[in-house]
Amino acid sequence: MTAYEMLASGLQQLGLSVNPQAVEKLLQFSDLLLEKNKVMNLTAVTDPKEVVTRHFLDCAALASHIGSGKTVLDVGTGAGFPGIPLAILCPGTQFTLLDAQRKRIDFLKEVVEELSLSNVMPVHARAEEFAALHRASFDLAVSRAVADLRVLVELTLPMVKKGGMFYAMKAADCMDEVGSASQAFAILGAPAAELLRYIVPHDGVERVLVRLQKTGDTPDKYPRRFKKIQTDPL
């Protein structure tokens, strides 16, 4: 099975419509990612078919929760996950991709230009600094493999509108992490966590979307400034 066939059938398994143009753009993104990865540490995945399963189809599991006409913030986007695949699959939604490393954002700007993604804005900034100017500005926030949930929700929820959602993409065994962050959820305005489990097509790995609905305001003192958060390439 080719990478194109894996991607198309995987999207179908996730209940998504298969737009050939979107599939082609995703594969173009894969080419750009793997080429840049030769000179820059963006991902531990170097096989195009693994990019499809471990990155694209994993990220695509979130697409059905995004909706059209929304504003979405991807915190700690890294090499563009989940923001770039979601932007390709959800062209009617505006995405802001936030990362503290300028080299990653420079790469994403190249991707945006190469793929003509008019609904994506990469931003170089620390989340704490960006939050000061963008409190309660986004309908949704998303994040994938960035930090422990207690840190992640403090960095992210201040920028989500009241009534909005935050989706954290986590490994299947995240129950202890979710439990230890429950007090932080309540303090930051999203007291109830919902775990949505899914299987990544063609990979068989179980993953979890931790969904938090923001029902209250986040106190003004959050987010506090954190030490630099190190994340490993996926």
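What you see is a predicted model; the values in this text were computed from it and never measured.
Salt bridge Asp203/Arg54: absent, no basic N to carboxylate O contact under 4.0 Å. Salt bridge Asp148/Arg150: present, at least one basic N to carboxylate O contact under 4.0 Å. Under a 4.0 Å N-O distance rule, the pair Arg224/Glu128 does not qualify as a salt bridge.
With hydrogens and angles ignored, the 3.5 Å screen pairs no side-chain donor or acceptor of Lys214 with any backbone N or O of Leu188. Checking side-chain atoms of Arg197 against main-chain N and O of Ala172 turns up a donor-acceptor pair under 3.5 Å. In this structure, the side chain of Thr71 does not engage the main chain of Thr93 through any donor-acceptor pair within 3.5 Å. Lys170 places no side-chain N or O within 3.5 Å of a backbone atom of Leu209 that could act as its donor or acceptor partner. Between the side chain of Glu177 and the backbone N or O of Leu149, at least one donor-acceptor pair lies under 3.5 Å. Panel note: side chain Thr77, backbone Asp74; no donor-acceptor pair is recorded below 3.5 Å.
Clustering ILVMFWY residues whenever any of their side-chain heavy atoms sit less than 4.5 angstrom apart, transitively, puts Tyr198 in the very cluster that holds Ile66. Taking hydrophobic clusters as Ile, Leu, Val, Met, Phe, Trp and Tyr residues chained together by side-chain heavy-atom distances below 4.5 Å, Val142 shares a cluster with Val200. At a threshold of 4.5 Å between side-chain heavy atoms, the hydrophobic network of Ile, Leu, Val, Met, Phe, Trp and Tyr places Val75 and Leu108 in two separate groups.
Side-chain atoms of Ser9 and His202 include a donor-acceptor pair closer than 3.5 Å. Side chains of Thr43 and Asn37: no donor on one and acceptor on the other come within 3.5 Å.
Heavy atoms only, all atoms of each residue included: Asn119 and Ala87 are closest at ND2-O, 3.1 Å. Of all non-hydrogen atoms in Leu34 and Val45, the two that sit nearest each other are CD2-O, 3.4 Å. Between Leu11 and Ala60, the shortest heavy-atom contact is CD2-CB, 3.7 Å.
Using a 4.5 Å cut-off on side-chain heavy atoms (C-beta onward), Leu7 and Leu27 make contact. Annotation: side chain of Tyr4 is in contact with side chain of Glu24 (closest heavy-atom distance under 4.5 Å). A heavy-atom distance below 4.5 Å is not found between the side chains of His124 and Gln101. Considering only heavy atoms from C-beta on, Val160 stays 4.5 Å or farther from Met165 through its side chain.
Taking CD of Gln21 as the reference point, atom CD of Gln28 lies at 9.5 Å (rounded to 0.5 Å).
Ring planes of His65 and Tyr167: tilted class, angle from 30 to 60°.
Aromatic ring centres of Phe185 and Phe166 lie farther apart than the 6.0 Å criterion allows.
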